[in-house]
Protein chains: 2
Amino acid sequence: MTSTESRGTPIELNAVIVAVENCTPYLLTTDDLALPSGPFESGHRTLEQGLRAWARLKGAQTLGYVEQLYTFADRDRTTAGTRSVSIGYLALVHDPAQPLGHDWSPWYRHFPWEDHRDGTPAIIAAQILPALEAWKNAAPDAPTREIQAERIGIAFPRDPRQWNEELVLQRYELLWQAELVAEAGTGARDSFGLAMPFDHRRIVATAMARLRAKIKYRPVVFELLPREFTLLHLQNTVEALAGLRLHKQNFRRLVEQQGLVEETGATTRGASGRPAKLFSFRRKVLQERAMAGTKLPRTG
Amino acid sequence: MTSTESRGTPIELNAVIVAVENCTPYLLTTDDLALPSGPFESGHRTLEQGLRAWARLKGAQTLGYVEQLYTFADRDRTTAGTRSVSIGYLALVHDPAQPLGHDWSPWYRHFPWEDHRDGTPAIIAAQILPALEAWKNAAPDAPTREIQAERIGIAFPRDPRQWNEELVLQRYELLWQAELVAEAGTGARDSFGLAMPFDHRRIVATAMARLRAKIKYRPVVFELLPREFTLLHLQNTVEALAGLRLHKQNFRRLVEQQGLVEETGATTRGASGRPAKLFSFRRKVLQERAMAGTKLPRTG
DNA sequence: CCTGTTATGCTCCATATGAGCATTAATAGG
DNA sequence: CCTATTAATGCTCATATGGAGCATAACAGG
């Protein structure tokens with residue numbers, strides 16, 4: 001920090017642009033599966049506005065929710081030889097009018113171990129755990145093995161009920177260190193999930209983790225839904241993001257007791273089964289409860 | 001984003017370095033109350049490591065916990081004329097051996113409206129609310145006034161039990177927009193709290209909000225305490241950060257049931273009153289519960 | 001009418017949280 | 001030794017909140 005080598009570092013923006021269609025979350029990518037990115041443009045007042053304008057140009061639907069994720073600047077993060085700094089953004093696209101095209105990639109293709117909606121994915125017991133075992137056992141000393149074993153146990157617990165869907169980034173980093181993802185470079189033996197260029201899969205992991213954490217305390221799911229939706233549609237979307245099945249009745253109780261939605265009066269028609277009421281998001285809650293609230297045992 | 005004007009933008013790091021002494025949180029600042037900052041140095045593997053090395057040089061105690069806060073890059077953020085990008089960090093310093101010197105500033109001097117440990121601070125009813133009222137009433141149209149009133153009501157609720165200690169940033173931004181902090185520039189009539197140069201007070205507000213949110217679901221308080229502490233000391237530290245009084249018995253119950261601490265066997269001596277047992281942080285919980293857990297009604 | 005399917009209502013229980021009341025263990029000062 | 005003071009601790013109780021599951025209701029199609 002004492003050097004004056006501040007000619008300037010190239011800054012780029014990377015956006016994880018998410019849409020959900022038919023119970024599947026998708027990422028907007030370029031042809032080579034890279035995240036859309038561009039140079040930092042100083043013409044906009046804020047980074048976020050710049051991102052929105054740029055996404056419009058790139059042909060993504062208009063971005064709804066936008067949030068800064070993280071600034072990535074490890075030394076080994078080099079694009080075209082020079083070290084680069086990237087500011088990652090997460091953006092959510094409302095239910096797209098036209099079906100998603102070929103430039104949208106289902107995110108579980110890149111993270112097959114993260115989708116637990118139909119039970120623990122087979123790849124975990126069949127391939128990931130054995131490979132991690134082997135990696136752990138290759139550690140030089142016992143204490144290290146101990147620590148690795150702990151990490152593995154937390155990231156990929158045996159008991160399905162222990163699965164913590166938020167640990168997306170920890171899991172990806174664990175697989176990286178064990179050289180079980182192609183991006184780790186050094187001649188990975190096994191490679192799980194569809195790789196992405198540069199550190200983009202890491203950025204996506206960060207985005208998934210953030211999103212999975214956020215849906216629990218902020219009504220962001222609605223940024224991925226059309227204006228009107230059924231409660232089942234809402235639940236399916238949350239499940240798609242979390243990669244988990246939820247208890248239907250309790251999910252509804254939660255949604256209603258929090259006053260997140262209101263009936264529009266209309267119902268679905270034509271489908272099989274009892275028609276469902278249509279709901280819309282109560283924008284007011286954004287103001288009413290600027291946030292859930294406390295976990296501290298306050299006085300008064 | 002289509003231009004190739006990427007000669008590079010100067011990047012600087014700003015660190016909000018926090019320590020707690022005697023029930024008071026302090027910030028490390030320079031003589032003119034600026035946050036310690038320095039150019040982005042590419043010699044380190046990660047930004048975090050760079051920050052640690054640099055803090056050591058600057059004479060801050062060794063940093064314990066470090067976390068990236070946010071990247072600030074609004075157009076009006078200019079240092080010495082040119083637009084600059086700043087990566088903000090939050091760092092926590094363990095109980096300092098020597099007393100904190102003059103380069104540490106109590107954070108409530110900059111945010112007097114945030115300390116509710118002795119009840120709602122007088123400044124809110126006496127000065128802030130009237131000034132915000134006036135600002136709201138000066139809005140051109142009724143809908144705008146309506147919205148401002150909502151914002152004010154959430155940021156500074158009348159009922160003390162509605163006070164949400166996490167909204168530090170929202171409150172600061174509200175005061176900024178109402179030109180009630182000196183940094184807003186345009187000839188602020190009133191100015192609340194001790195100002196800081198540039199947008200540094202905004203960065204601190206971001207840090208406070210993050211910290212207040214984080215202590216609820218991650219055991220970060222221990223990063224601000226000595227190895228051994230009493231439960232009262234622990235509670236006082238949390239209260240200092242949150243700016244709130246907590247219910248003693250329930251606080252203890254919470255801490256114990258979460259298995260955060262373990263007795264060291266020793267007790268305090270010399271003080272008045274019954275001696276308290278000394279505790280230490282159970283590092284294991286970091287692994288055991290890599291995180292609190294769910295808010296979603298899972299199945300299974 | 002009978003069956004399959006999905007939407008909705010409700011109950012029950014375990015645990016967490018919010019508020020207090022009551023005791024106990026030390027120290028300081030007479 | 002006795003007493004006031006200062007904290008630490010132990011417990012209780014009512015009320016939320018979260019997890020599971022049973023029971024009904026409303027429609028499509030044969």
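Proteins get letters first, then strands, A, B, ... in listed order; numbering begins at 1 in each.
- Within the structure, every pair that satisfies the salt bridge (Lys or Arg N to Asp or Glu O under 4.0 Å) test and touches residues 229-244 of chain B, not counting sequence neighbours, is listed here: B:Glu239-B:Arg245.
- Tested against A:Phe111, the residues A:Trp107, A:Trp113, A:Tyr108 include a single ring pair (Phe, Tyr, Trp, His ring centres under 6.0 Å) partner, A:Trp113.
- The nearest whole Å value for the distance from the CG atom in B:Leu232 to the C1' atom in C:dA25 is 16 Å.
- Following rounding to the nearest Å, B:Phe251 (CZ) and D:dA7 (C1') show an atom-to-atom distance of 15 Å.
- Enclosure of atom CZ in B:Arg109 by more than 12 non-hydrogen atoms of other residues, nucleotides or ligands within 6.0 angstrom is indicated.
- Across the protein-nucleic acid pair, B:Lys248 atom NZ and C:dT23 atom C1' stand 14 Å apart, rounded to whole Å.
- The separation between B:Gln258 atom CD and C:dT17 atom P is 7 Å, rounded to whole Å.
- With sequence neighbours excluded, no residue forms a ring pair (Phe, Tyr, Trp, His ring centres under 6.0 Å) with B:Tyr65.
- Cation-pi geometry between A:Arg171 and A:Trp163 is satisfied (NZ or CZ under 6.0 Å from the ring centre, within 45° of the ring normal).
- One interatomic measurement links the two molecules: CD of A:Glu263 to P of C:dT8, which rounds to 8 Å at whole-angstrom precision.
- At a threshold of 4.0 angstrom between heavy atoms, the contacts of B:Lys277 are confined to the sugar-phosphate backbone, with no base atom among them.
- Both B:His233 and A:Pro275 lie close to DNA chain D; mapped to their nearest nucleotides by heavy-atom distance, the more 5′-ward contact belongs to B:His233.
- Under 4.0 angstrom from either OP1 or OP2 of C:dA16 there lies no side-chain N or O belonging to B:Arg253.
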Using nucleotides 21-25 of chain D, report all nitrogen or oxygen pairs with the protein that are shorter than 3.5 Å.
{"residue": "D:dG21", "atom": "N7", "partner": "A:His247", "partner atom": "NE2", "Å": "3.1"}
{"residue": "D:dC22", "atom": "N4", "partner": "A:Gln249", "partner atom": "NE2", "Å": "2.5"}
{"residue": "D:dA25", "atom": "N3", "partner": "A:Arg274", "partner atom": "NH1", "Å": "3.0"}

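- In this structure, A:Leu254 places its CG atom 17 Å from C1' of C:dG9, rounding to the nearest Å.
- Rounding to the nearest 0.5 Å gives a distance of 5.5 Å between CZ of B:Phe281 and CZ of B:Phe222.
- Rounded to whole Å, atom P of C:dT6 lies 20 Å from atom CZ of A:Phe229.
- When the C1' atom of C:dG18 is taken as reference, atom CZ of B:Arg161 falls 12 Å away, rounded to whole Å.
- Under a 4.0 Å N-O distance rule, the pair B:Glu114/B:Arg212 qualifies as a salt bridge.
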